[in-house]
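A quick write-up on the structure given underneath.
Remember, predicted model here, so these are calculated numbers, not experimental data. Here is the naming used below: chain letters follow the sequence lines, and residue numbers restart at 1 for every chain.
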Amino acid sequence: MARIKTIARRTFLIGSTAIVGGAAFGVYQINRDAPNPLVAGEGEATLNPFVLITKDGVTLITPRAEMGQGVQTTLAALAAEELDVAWEDITVLHGPPAQAYYNSVFLGFAIPGAHYKDTAFKHGLRQQVGKVGKLLDLQGTGGSTSMKDFYERMRYVGASAREALKIAASIKIGVDVADLTTKDSAVIAPDGTIIPYVDLVEAVRNVTAPDVELRDKSTWKYLGRPMPRTDMVGKSTGTAQYATDIQLDRMKFATVRMSPTRNGMISYDADIAKKMDGVEAIINMGDGIAVVATNTWLAIQAAEAVDISWAPATYPADTAGLRSAILASLKGEANSTVRDDGDVSTDVAGTEVTAEYYVPWLAHTTMEPMTATAYFTGDALEVWAGNQSPTATRDACAQAVGLDSAQVTINTTMMGGAFGRRGENDFSVQAALIAKAMPNTPIRMAWSRKEDIRNDFFRPAIAAQFRGVIQDAKAVLVDGKIAGPSVFHISSLRQQGSIPPGPDRLHVEGAADQPYSIPNFRIAGYLTDIDVPLGFWRSVGASANGFILDTFIDELAHAAGTDPLQFRLDLARSEHGPSASVIEAVREMSAWTGNTPDGIGRGVAFTHSFGTPVAEVIEVEDTGNGIKINKCWIAADLGVVLDPRIVKTQMISGVIYGLSAAMQGEITFSDGMVEQENFYDYDALRMHTVPKFEVRLLENNLFLGGAGEPSTPPSMPALGNALFDLTGTRARELPLIKTFDLIL
Amino acid sequence: MSKRLLINGSVHDVDLPDNVPLLWVLRDEVGLTGTKFGCGAGACGACTVHIDGEAVRSCQITLVDVWGEVTTIEGLGTPTNMAIIQQAWVDHQVAQCGYCQSGQIMNASALLHETPQATDQDIDDAMKGNLCRCGTYPRIRAAIKDAAQRISEKV
């Protein structure tokens with residue numbers, strides 16, 4: 001208990017926004033105008049918004065949320081590479097919501113054009129536009145942006161701090177700075193004297209550091225190597241802290257039941273519930289109820305016992321009705337034509353191929369259901385939440401409880417998975433509101449699994465119609481129509497209150513932006529006007545379009561009588577070298593011949609997303625007792641691999657997430673409510689169904705690519721294409737369990 | 001109704017209704033938060049603890065039914081004194097989000113106690129009740145095999 005209080009005090013301190021003490025850093029141009037949110041206490045020095053040195057060691061602020069992707073380890077390695085701090089001396093903290101930690105990549109996505117076509121000029125343009133994020137206090141973890149965002153920023157942070165420490169040491173011991181070096185968390189004098197950084201806390205407080213060049217890649221000692229993760233011991237001993245693990249004196253436990261029709265509550269009767277064991281309060285949340293009790297389980301039991309009448313959903317009430325609406329939108333006017341090469345309306349001679357596809361609604365199902373802990377004292381609110389958007393969470397919580405943002409402290413904890421779900425702030429706001437209803441009582445809120453699935457922000461169902469023409473065994477025309485409700489529009493409306501102008505690129509990403517040279521190539525987006533709450537699901541639009549386009553490419557290859565791997569290679573080679581190289585890599589890794597023995601099937605797939613081209617080959621086997629996935633080969637090109645183990649882990653993780661959905665993921669609706677409620681009816685890959693993996697990372701890409709999402713899109717078509725190779729049956733609809741006898 | 005529990009070698013007197021699951025006794029009453037809630041239905045394994053050495057889903061065992069000494073992840077080892085299996089988890093850098101790992105480790109620990117030379121089939125059979133949404137399975141398998149090796153060398 002004491003330990004947690006210490007942490008709470010520390011984060012409270014850091015959470016204040018005053019600029020106190022510390023070295024004045026004018027050198028770090030990108031952050032020149034963003035105030036340092038860190039407050040140096042007695043015996044501490046904050047060298048910039050990212051480096052805090054105390055008598056106990058070096059704390060690095062790694063301001064991107066750790067959802068399992070290893071981001072805090074690699075952010076620490078980027079700073080440590082220049083700072084020369086010994087790895088075991090580093091403590092990492094997410095830090096408070098602050099402008100200094102803004103996301104400099106998000107807004108760059110608004111620049112038109114496929115990422116694979118980016119030139120140095122266009123890349124620079126994206127970076128410039130991205131910096132506007134600072135003015136909006138746009139702090140967020142997502143879109144596979146963290147390394148693009150911090151590849152240079154974090155190294156400059158480390159280099160500036162290192163030079164400041166050298167200047168401090170120079171003053172302290174009267175030796176010229178040029179004669180000092182740094183190593184293992186210490187400044188080294190020419191005579192070998194070691195001055196530990198922790199002994200320079202006082203001296204460094206008045207130092208202004210000079211401009212510093214970054215070190216050459218050839219000198220790297222941490223980057224490019226597998227570093228031990230900073231969170232690994234905690235997560236192997238049950239001591240890592242999630243929002244649901246916060247312990248405070250006099251704490252009470254809460255849960256919610258929010259409208260599963262997503263349209264509010266007509267009435268409720270809590271007469272039975274309020275008399276149940278341990279129940280302390282039942283709170284009207286407007287669109288649902290919360291129960292506060294002496295134990296989470298007792299709260300969940302009481303919440304189930306509340307008799308609630310829900311308002312009917314405003315969207316079609318069942319899966320079939322929703323599907324009809326999506327299909328109907330295909331017949332309307334196109335909302336976007338992001339890709340329109342050549343002219344698909346001309347009469348092109350050749351073999352015509354047409355196909356229709358449909359992928360279902362999906363939930364995120366993080367291992368940790370939505371949770372948050374909150375403490376409201378009348379003029380202050382402190383919230384502990386695993387969240388991907390701390391500034392937005394702070395502002396939403398402040399507004400909900402009627403405080404200024406400056407009165408709200410947000411502690412971003414470890415997350416038991418996120419996959420895009422924790423970019424939302426619904427759960428944090430709920431905890432804040434419950435805490436406001438129970439002032440001076442710390443509230444730890446946890447959702448039940450049923451609540452977590454039913455009140456998710458979903459990956460929408462998507463329908464598509466594709467037409468292609470093969471001429472001389474080559475694709476000369478692809479005309480694709482993609483229909484479904486817009487994740488971008490619905491989430492923007494919810495989070496910012498408005499829909500950004502311009503075509504919805506996310507709706508067609510993974511299809512319109514593929515590096516394929518097809519003379520007549522058009523991808524049109526059709527938006528369905530239904531208001532099921534939608535959110536960002538790992539790889540977003542590409543999670544649907546990767547399956548759709550790549551499956552169609554596979555169909556074209558077969559119609560052309562060409563090996564499907566060679567077919568993709570021919571399409572990519574003239575358009576984008578690094579993409580062609582990853583396809584060649586999986587050919588070599590898997591010893592691809594295009595032929596498989598009886599009872600074995602193989603499929604290849606490729607998607608370029610989040611700046612990273614990824615090719616995958618999947619092998620399936622008919623065991624006679626169901627079909628199992630034997631192996632998956634993955635090749636990806638992120639430009640620079642900052643931590644090969646973490647990146648390989650992300651590639652495998654993304655495939656397992658994608659295959660789980662491709663095999664069996666499906667959310668269905670009835671009476672306006674989601675029908676699934678737990679892992680027994682919404683499951684995923686497990687130990688006995690997971691294939692073997694082999695991963696190769698290439699470094700030909702011109703710019704840094706993302707790691708967390710790009711392996712997910714090609715995993716789904718790779719499996720579908722392998723099943724076609726095995727069975728001769730083409731699945732144009734997910735999940736695949738509906739068509740094939742897969743071992744689950 | 002007060003019930004006396006032996007947890008990680010310490011005695012705890014717990015005053016909660018009989019039907020409260022052990023998981024919620026551990027997390028909310030005793031303050032042992034290393035054991036996680038994932039589903040409440042015995043479908044994910046995140047809440048796995050040992051009762052007299054046997055791996056059980058603590059969300060499915062009511063307080064009144066706890067029949068022996070309870071061991072949680074905190075009782076297996078600590079950051080400065082990890083059990084062999086926890087060290088194997090660190091060496092293989094198994095965890096990603098980490099939320100399921102307490103349950104994975106407790107289940108694997110019971111498996112190796114019962115079947116010290118666990119085969120791939122044994123690992124499949126024993127571990128398939130433990131869900132991991134990050135997909136750490138390949139490294140879980142490697143860590144279990146490594147821990148088995150280290151335990152056999154120690155004996």
Side-chain angles (χ1 to χ4, degrees), chain A residues 1 66-70 226 228-229 231-242 244-245 247 253 277-278 294-298 300 365-369 414-419 444 446 448-449 645 649 652-657 660 678-680 683-690 692-693, chain B residues 16-17 19-21 23-25 27-29 31-41 43-44 46 59 72-74 76-79 82 85-87 89-90 93-102 105 121 123-141:
Chain A
M1 198 72 99
E66 185 55 68
M67 60 188 82
Q69 79 282 44
R229 283 178 57 146
D231 53 354
M232 194 54 65
V233 171
K235 288 175 174 178
S236 304
T237 53
T239 53
Q241 276 211 326
Y242 304 82
T244 196
D245 297 334
Q247 299 188 46
F253 305 89
D277 281 329
T294 54
N295 183 284
T296 310
W297 188 78
L298 294 173
I300 291 172
T365 57
T366 57
M367 282 305 300
E368 179 192 18
M414 299 268 182
M415 309 182 204
F419 315 121
R444 190 159 96 198
S448 68
R449 176 56 58 187
R645 182 165 52 203
T649 297
I652 292 169
S653 174
V655 169
I656 291 175
Y657 200 73
S660 294
N678 211 312
F679 293 123
Y680 45 71
D683 206 355
L685 285 195
R686 289 173 180 259
M687 182 61 86
H688 64 293
T689 46
V690 81
K692 290 188 166 58
F693 286 94
Chain B
L16 276 170
N19 60 348
V20 174
L23 168 65
W24 295 108
V25 176
R27 287 188 54 80
D28 295 358
E29 193 71 17
L32 291 169
T33 54
T35 306
K36 303 303 188 200
F37 164 63
C39 69
C44 78
C59 74
T72 70
I73 186 75
E74 293 93 341
L76 207 61
T78 63
M82 285 187 276
I85 193 154
Q86 290 170 309
Q87 187 63 55
W89 243 248
V90 171
Q93 296 278 295
V94 170
Q96 284 178 232
C97 92
Y99 194 80
C100 74
Q101 298 299 345
S102 295
I105 290 169
Q121 188 63 49
I123 293 171
D124 281 351
D125 293 344
M127 301 301 294
K128 68 180 171 190
N130 287 75
L131 184 65
C132 170
R133 287 292 276 146
C134 298
T136 62
Y137 303 114
R139 295 188 307 286
I140 290 176
R141 186 185 297 280

Chain B: which of [options] shares the most heavy-atom pairs with it under 4.5 Å?
options: A:Phe419, A:Phe679, A:Tyr657, A:Tyr242; answer: A:Tyr242
options: A:Thr296, A:Ile656, A:Asp277; answer: A:Thr296
options: A:Thr649, A:Ile652, A:Val690; answer: A:Thr649
options: A:Gly234, A:Pro228, A:Ser660; answer: A:Pro228

Practice problem: Determine yes or no for a side-chain-to-main-chain donor-acceptor pair under 3.5 angstrom, with A:Asn295 supplying the side chain and B:Glu29 the backbone. | Solution: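 The answer is no, because no donor-acceptor pair under 3.5 Å joins these two groups.
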Exercise. For the pair B:Gln86 (side chain) and A:Ser236 (backbone), establish whether a donor and an acceptor sit closer than 3.5 Å, ignoring hydrogens and angles.
Key: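 Yes: the side chain of B:Gln86 pairs with the backbone of A:Ser236.
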Indicate the atoms forming the closest heavy-atom contact of [X] with [Y], along with that distance.
X: B:Pro79; Y: A:Thr237; value: CG-OG1, 3.7 Å
X: B:Val90; Y: A:Met232; value: CA-CG, 3.9 Å
X: A:Gly416; Y: B:Tyr99; value: CA-CB, 3.6 Å
X: A:Gly238; Y: B:Ser102; value: CA-OG, 3.7 Å
X: B:Cys134; Y: A:Ser653; value: O-OG, 2.6 Å
X: B:Gly38; Y: A:Pro369; value: O-CG, 4.1 Å

Mind checking the [atom1]-[atom2] spacing from [X] to [Y]? Nearest 0.5 Å is all I need.
X: A:Thr244; Y: B:Lys36; atom1: OG1; atom2: NZ; value: 7.5 Å
X: A:Arg449; Y: B:Phe37; atom1: CZ; atom2: CZ; value: 7.0 Å
X: B:Cys132; Y: A:Met367; atom1: SG; atom2: CE; value: 7.5 Å
X: B:Ile123; Y: A:His688; atom1: CD1; atom2: NE2; value: 14.5 Å
X: A:Arg645; Y: B:Arg139; atom1: CZ; atom2: CZ; value: 9.0 Å
X: A:Leu685; Y: B:Arg133; atom1: CG; atom2: CZ; value: 9.0 Å

Self-check item: Residues that A:Asp231 engages under salt bridge (charged side-chain N to carboxylate O under 4.0 Å, His left out), provided they are two or more places apart
Solution: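 Only A:Arg229, A:Lys235 meet the salt bridge (charged side-chain N to carboxylate O under 4.0 Å, His left out) criterion with A:Asp231.
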Identify which part of [X] has an atom lying under 4.5 Å from any heavy atom of chain A, answering side chain, backbone, both or neither.
X: B:Leu131; answer: both
X: B:Met127; answer: both
X: B:Asp125; answer: neither

Contact winner vs chain A - [options], heavy-atom pairs under 4.5 Å:
options: B:Cys100, B:Ala41, B:Gly98, B:Gly34; value: B:Gly98
options: B:Arg141, B:Gln87, B:Gln121, B:Arg27; value: B:Arg27
options: B:Gly40, B:Pro138, B:Gly129, B:Cys97; value: B:Cys97
options: B:Gly135, B:Ala95, B:Ala46; value: B:Ala95

Quiz item: Is there a side-chain contact between B:Asp28 and A:Trp297, using heavy atoms and a 4.5 Å cut-off?
Solution: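 Counting from C-beta outward, B:Asp28 and A:Trp297 never come under 4.5 Å.
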Self-check item: A:Arg686 with B:Asp124: basic N within carboxylate O range, under 4.0 Å
Solution: no
